[in-house]
Amino acid sequence: MIKFENISKSYGQTAILKNISFEIKQGEFVVLIGPSGCGKTTTLKTINRLIEPNDGKIFINGKDITKENPVELRRTIGYVIQQIGLFPNMTVEQNISVVPRLLKYPKQKCKEIVQDLLKLVDMPYEENAHKYPSELSGGQQQRIGVLRALAASPPIILMDEPFGALDPLTRDTLQEEIKQIQKKLKKTIVFVTHDMDEALSLADTIIFMDKGKIIQMASPEEMLQNPGAPIIKSFLSKQIDNGSNGNGSQKLFAEDFMRTKVLKVPKTSRTLECIKLMSSRDVNSLVVINEDDTYLGTVTIEKIKEQGQPGKEIADLVTAEVITVGRKEAAQVAFDKLLSSESSYVIVLNDNQTVAGLITRTSMAKALGEALWGEVQ
Amino acid sequence: MSLIEFSLSSYNEVLKNLIRHVELVGISILLGILISIPLGIFLTRHKRMAGLVLALAGTIQTIPGLVMLGFALILIGIGMLPAIAVLTLYAILPILRNTYTGITEVDKSYTEASRGIGMTNMQTLFKVEIPIALPTIITGIRLSTVYIVSWATLAGLIGAGGLGDLIWTGLSTYNTNYILAGAIPSAILALILNGLIGLLEKILTPRGLRGSRV
């Protein structure tokens with residue numbers, strides 16, 4: 001699908017990319033990672049010709065991209081940037097449909113595209129299409145940024161640290177969403193990040209770069225088992241140490257990996273206030289507790305929208321679909337349950353049945369890494 | 001004779017000069033816009049020239065209006081034409097500077113996004129940069145207009161007419177009524193135009209940009 005052949009790029013004396021070659025298959029989620037200045041963003045930007053290499057060739061579907069008009073080329077490749085870059089003078093609808101409009105799609109078609117895409121991220125058309133970017137939360141803005149990239153159905157999407165500026169909770173949600181979108185729409189995604197957790201939880205293939213060269217290109221599992229160079233090892237463990245308090249090699253429990261910041265609401269909450277809370281925090285479900293603080297279940301935004309009535313209490317909408325584990329349960333058991341579960345997280349309970357925290361797939365990836373390299377340093 | 005009596009008796013003369021004043025201001029601002037906005041945009045594409053051109057425009061600004069009018073009188077003669085030429089020169093700088101900074105200060109993330117999704121340079125300019133810089137550009141036009149209204153009173157000196165005529169007549173005959181009949185409408189005109197253009201600025205600012213300037 002995308003093929004790099006001996007790509008080099010330098011600015012004056014400084015070589016940014018040194019003879020890079022690799023191939024990305026159709027439908028693959030590839031994450032470029034490495035320390036800052038390693039050339040990952042430059043690599044990404046050569047694909048849509050925002051940066052022209054000094055040497056080498058890039059082929060997309062066998063066609064040399066230098067033979068194509070850069071403007072036309074970019075319209076067939078989605079692009080998402082860290083600063084989001086939604087046009088502040090355009091509404092959500094205009095932002096999403098900007099590429100279809102450049103391509104002169106008929107009006108009706110543009111509108112359909114916007115409606116379909118907003119459905120994809122659970123942002124109702126009527127409520128959101130006519131808002132301006134400044135009226136959205138950071139997470140919502142980047143959702144629209146992703147939709148803008150998807151609008152003309154490009155087969156390839158380039159993402160340059162798209163979630164880097166978002167708070168961790170929002171980032172987790174968006175990672176989950178982008179992974180689902182990719183599976184559903186079968187896009188080829190090239191994603192730049194400096195966050196190993198993000199790479200591990202998203203990638204089919206990770207390309208690790210350093211000083212303008214590819215150090216290792218492998219699946220997350222393989223990279224975890226077999227880091228190809230000391231720098232990868234240290235990069236991994238550094239990332240992991242930042243993220244937790246380093247539990248070493250003792251027996252690990254569910255509580256060691258849970259995040260304790262959980263949005264809890266009493267079952268007597270009203271539907272509207274729950275919706276407001278969810279949209280302000282960019283989550284699509286809430287943990288519901290009884291009057292005595294014990295765990296009752298969860299409520300999702302879909303459920304409220306389908307069955308909820310304004311002003312009603314949410315008690316009737318609560319389900320117990322999400323799996324729970326005790327905080328002293330072994331980490332392995334908790335992970336098995338999470339992997340076999342439909343939802344993206346499991347809830348950790350204290351002995352007295354109150355909510356202690358929850359474990360997401362990202363916290364699990366973090367834990368796996370730590371179990372492997374916790375003792376390295 | 002009181003000012004009110006004077007105004008009533010010389011109503012036609014004041015009105016005629018007021019209309020001429022508006023013509024002088026309107027034409028020179030219009031010409032100023034037609035020159036400055038394209039030039040400002042051109043300079044954002046050729047930043048190396050920007051410093052030189054802006055410095056030159058700034059220097060013109062520092063030359064006293066009387067001197068410029070004198071030159072214009074010698075080069076072009078008397079009447080509206082030399083006055084408009086001089087006023088246009090003075091109108092250029094604020095519009096030029098605001099067009100240039102307005103567009104230069106558009107956040108890089110917007111232009112990177114627009115290029116990255118496949119807009120041509122022209123599309124980036126017209127769909128992204130100009131709309132975002134528009135409030136700043138209009139502020140420049142507002143500044144120019146307000147002070148061209150007051151500078152236009154000098155035009156009376158070279159036979160271009162306008163409210164300046166009344167003021168100069170008053171000054172040379174020690175007649176306060178004439179001075180005030182020129183000065184007060186001129187001040188009111190400046191206030192009204194300031195308000196109108198401010199309103200235009202509000203209307204033309206995209207809703208997404210109101211409140212917080214990006």
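First the proteins, then the strands, lettered A, B, ... as listed; each starts at 1. Bear in mind the structure is a predicted one, so any value in this text is a computation, not a measurement.
For the residue pair A:I81 and B:S109, the shortest heavy atom distance occurs at CD1-O, 3.5 Å. Looking at every heavy atom in both residues, A:G85 comes nearest to B:A113 through O-CB, 3.5 Å. The two residues B:R115 and A:R74 make their nearest non-hydrogen contact at O-CD, 2.9 Å.
Heavy atoms of other residues, nucleotides or ligands lying less than 6.0 angstrom from CZ of A:R101 number more than 12. Counting heavy atoms of neighbouring residues, nucleotides and ligands inside a 6.0 Å radius, atom CG of B:N121 does not exceed 12 of them. Environment of CG in A:L185: crowded, with over 12 heavy atoms of neighbouring residues, nucleotides or ligands closer than 6.0 Å.
Take B:Y11 and apply the ring-ring contact (aromatic ring centres under 6.0 Å, His included) test, not counting sequence neighbours, and it matches no residue.
Residue A:V80 does not touch chain B at all, counting heavy-atom pairs closer than 4.5 Å. Only the side chain of A:R148 comes within less than 4.5 Å of a heavy atom of chain B; its backbone N, CA, C and O stay farther away. Both the backbone and the side chain of B:K127 have a heavy atom closer than 4.5 Å to some heavy atom of chain A. In this structure, no portion of A:L103 lies under 4.5 Å from any heavy atom of chain B. At a 4.5 Å heavy-atom cutoff, the contact between B:S114 and chain A is made by backbone and side-chain atoms alike.
How far OG1 of B:T111 is from CZ of A:F87: 9.0 Å, rounded to the nearest 0.5 Å. A:N89 CG to B:I130 CD1: the interatomic distance, rounded to the nearest 0.5 Å, is 11.0 Å.
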Verify side chain to side chain contact (heavy atoms under 4.5 Å, CB included) between A:V71 and B:M119, making sure each step is shown before the conclusion.
-> CA-CA 6 Å; A:V71 168; B:M119 283 194 190; over 6 Å; no

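Between chain B and the options A:L102, A:L158, A:N48, heavy-atom pairs under 4.5 Å are most frequent for A:L102.
Counting only residues at least two apart or on different chains, the ring pair (Phe, Tyr, Trp, His ring centres under 6.0 Å) pairs with a member in residues 48-90 of chain B are B:Y90-B:W151. Sorted by first and then second residue, the side chain to side chain donor-acceptor pair (under 3.5 Å) pairs involving residues 31-45 of chain A (not counting sequence neighbours) are A:T41-A:D160, A:K45-B:E112.
Inspection of non-hydrogen atoms places A:H130, A:Y132 of residues 117-132 of chain A under 4.5 Å from chain B.
Within the 4.5 Å cutoff, the side chain of B:Y110 has no heavy atoms near those of the A:I84 side chain.
With hydrogens and angles ignored, the 3.5 Å screen pairs a side-chain donor or acceptor of A:R75 with a backbone N or O of B:G118.
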